[in-house]
There are 2 protein chains.
Amino acid sequence: MDIRTIAHAAKVSIATVSRTINRVPTVNPRIAKRVWEVIDELNYFPNTQARALVSGRSWILGLIVSEITNPFFPELIQGFEEVAIEHGYEILVSSTNYDPKRMSQCIRRMLERKVDGVAIMTFGIEEPLLDQLAQRKVPMVFVDIGPDQPGVSILKVDYHHGIRQGVQHLAALGHRRIAFISGPMRLHSSLSRLNAFNASLEECGINPNPAWILEGDHTLEGGTAAMQTLLNGGDLPTAVMCSNDMTAIGVLHKMYRAGLRVPDDLSVIGFDDIHIAEVTIPPLTSIQMSRFEIARAAVTALRAQLEDAKDLPHQREFDIRTDLVVRESTSFPRGTMKNLRKAKK
Amino acid sequence: MDIRTIAHAAKVSIATVSRTINRVPTVNPRIAKRVWEVIDELNYFPNTQARALVSGRSWILGLIVSEITNPFFPELIQGFEEVAIEHGYEILVSSTNYDPKRMSQCIRRMLERKVDGVAIMTFGIEEPLLDQLAQRKVPMVFVDIGPDQPGVSILKVDYHHGIRQGVQHLAALGHRRIAFISGPMRLHSSLSRLNAFNASLEECGINPNPAWILEGDHTLEGGTAAMQTLLNGGDLPTAVMCSNDMTAIGVLHKMYRAGLRVPDDLSVIGFDDIHIAEVTIPPLTSIQMSRFEIARAAVTALRAQLEDAKDLPHQREFDIRTDLVVRESTSFPRGTMKNLRKAKK
DNA sequence: TTGAAAGCGCTAACAT
DNA sequence: ATGTTAGCGCTTTCAA
């Protein structure tokens, strides 16, 4: 069944069927109605590849993520899928696993399937492969930073806002000895988070201790390893802030293994606020970055380049907020409670 | 740049370029070499939609999952992507969120993008929409059950093997009071797991208590809710087996909330063995079902229908094992330890 | 073994 | 407002 079948059944030309489907305003409403009836009755839908071939628009949006097994990303993908579908786009998701080879393969896949636009949410652009996309004028959207080119939008995450809230929360509880476990330092977003942490520390008048700044890799294992390092160091901080929730969960686990208690022996703050943070033991205080907000902004940014609807924003940068969510992995530093109790007596 | 560019540069016809790319054996090796050189030099790749249009093969494999935010699925998707790409297929992932409307939308998307085959990993087919796929002779692969039609393969998960190991493990520790929190009962896989549990109980000579068979929904919240019900019931079991790990993590959390200890007050076994099960507190004893094995089998089953390679298996069913992984959420029932200690004295 | 040409299903320019 | 037709980039007969 093809467009000819419909044209024949509706007693019009294939051009009219095409126009009807594409909602060209000049079609006679009565004829359009007849065409739609035939389409519905025969359950017809156009061949997307033929359509893409001739129109040059695939109606596919690419989404490149670092690793799909980090719960942050499925939540992001879900939002992206939802918003994209809503606007008639199919999505092509692909993950790099922080591997430059795979990154290059991802770009290739995007190119081969002729995506109309691509969201690169790997929190750090690993290669100048992007030129291939830029050359073909494929609109792109990045997180944090991206090349300053036409067709490129940036989702600016305000790490500082949430992280400052976290540090202030810790400081208010009485913490002065605060560690930070970063993400992979070659990722720009990791650096941004660390910078925001250092700046917030300074705002609170706390001196940073270099021995308490550790590099993690945004995985569970990275979190346990960093916590182990901290434990080996002897001079333990009273609180630790993590660059993402997976790291924090690793920290929680290592503390459990070491027979220490959170938050009694160490307060822990995560970042992302993934769903599972609600049920960790103890429930994780975390800095929320809305996946849905990011997903929506990414699709919007791409659509703004692709379509000329008047309701689409015409900006290069989009702001993404972060906010502290206080749960139970943060409390007074050890000792303070006793003092409080004494004071009460 | 298109096939003509290459043909011209290599001084051959476009037909020869096409044959070269498609590795038709009749092409003169020297000419083929020349063509490949031009292709590499110009960094050319064929337009997939033109190719799909004329050949009728999209080289896209669909993958329908229930919910991408359940960590089991990202791990599955990752494997599926890897194996599919390895064989030259692109993937189209889509999630139903257990919503029949979305399921129907998923099928539609698969149809519109003309997938060559589709893996339906929703653990329970929600609708007879599949006819649309069957009519178009799209090969399908299901988990557990599927329509008995040509072109349909089934991944038979041996739930019984792993679940029996779990029950025996519990029985060996001295448990006789074992509860089960199932998945949504309209899903066939949930029923299978429950049946395997009941059968295993009987094998061990344990009487099932209907009050200890609860229906969950494979989410964290379902797990906490079911555990709450168990707590309210008063007559607490000494162990609980869960239909998936998310449920088990919910149980762990509710126990923590109730001020009870795992495994001292309750032993907990999960199912799936997702990555995070290693770092729950305590680390979760779980029944492993290999995502990668499922992913590989799914792609293999589809390829067996699509390609005529001699090395591809020609069977309708594929077996998937399950195995117990013992960690620290299971132990002796309360009281037994004391007895043991006494005995030691 | 290679080339010429038809045509996959559709959109869009042009003609009516 | 509707129809006719060229052609998107490729694969695949068919002829040489």
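In what follows, every heavy atom counts, from backbone to side chain, and hydrogens, waters and symmetry copies are set aside. From a predicted model like this one, the values you see are computed outputs, not experimental measurements. In what follows, chains are A, B, ... by sequence order, proteins preceding strands, each numbered from 1.
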Which part of the nucleic acid does Ile31(B) contact within heavy-atom distance under 4.0 Å: base, sugar-phosphate only, or nothing?
-> sugar-phosphate

Give Ser18(B) one of three labels, base, sugar-phosphate or nothing, depending on what nucleic acid heavy atoms sit under 4.0 Å from its own.
-> base

Roughly, in whole Å, what's the span from [atom1] in [X] to [atom2] in [N]?
X         : N       : atom1 : atom2 : result
Gln49(A)  : dT11(C) : CD    : P     : 13 Å
Ile3(B)   : dG3(C)  : CD1   : C1'   : 13 Å
Trp59(A)  : dC10(C) : CH2   : P     : 17 Å
Leu53(B)  : dG7(D)  : CG    : P     : 17 Å
Arg136(B) : dG9(C)  : CZ    : C1'   : 15 Å
Ile14(A)  : dA12(C) : CD1   : P     : 13 Å
Arg19(B)  : dT2(C)  : CZ    : P     : 8 Å
Arg4(A)   : dT5(D)  : CZ    : P     : 13 Å

Go through [options] for me and flag the one nearest to the [X] side chain.
X        : options                 : value
Asn22(B) : dC8(D), dT11(D), dT1(C) : dT11(D)
Ala50(B) : dG9(D), dT11(C), dT2(C) : dG9(D)
Arg51(A) : dA1(D), dT11(C), dT4(D) : dT11(C)
Thr26(B) : dG9(D), dG9(C), dT2(C)  : dT2(C)
Ser13(A) : dT4(D), dG9(D), dT13(D) : dT4(D)
Val27(A) : dT2(D), dT4(D), dG9(C)  : dT2(D)

Hey, are [X] and [Y] close enough for a salt bridge, meaning a charged N less than 4.0 Å from a carboxylate O?
X         : Y         : result
Arg102(B) : Glu67(B)  : no
Glu293(B) : Arg321(B) : no
Arg57(B)  : Asp116(B) : yes

Might you work through the side-chain hydrogen bond (donor to acceptor under 3.5 Å, both in side chains) test for Thr5(A) and Asp2(A), ending with a clear yes or no?
-> CA-CA 5 Å; Thr5(A) 321; Asp2(A) 61 11; 3.1 Å; yes

Does a side-chain N or O from Asn47(B) land closer than 4.0 Å to OP1 or OP2 of dC8(D), or not?
-> no

Under 4.0 Å between a side-chain N/O of Tyr44(B) and OP1 or OP2 of dC10(D), yes or no?
-> yes

Any donor-acceptor N/O pair, Ser58(A) side chain to Lys114(A) backbone, under 3.5 Å | yes

Of Pro29(B) and Ser55(A), the one whose nearest nucleotide on DNA chain C sits closer to the 5' end is Pro29(B)

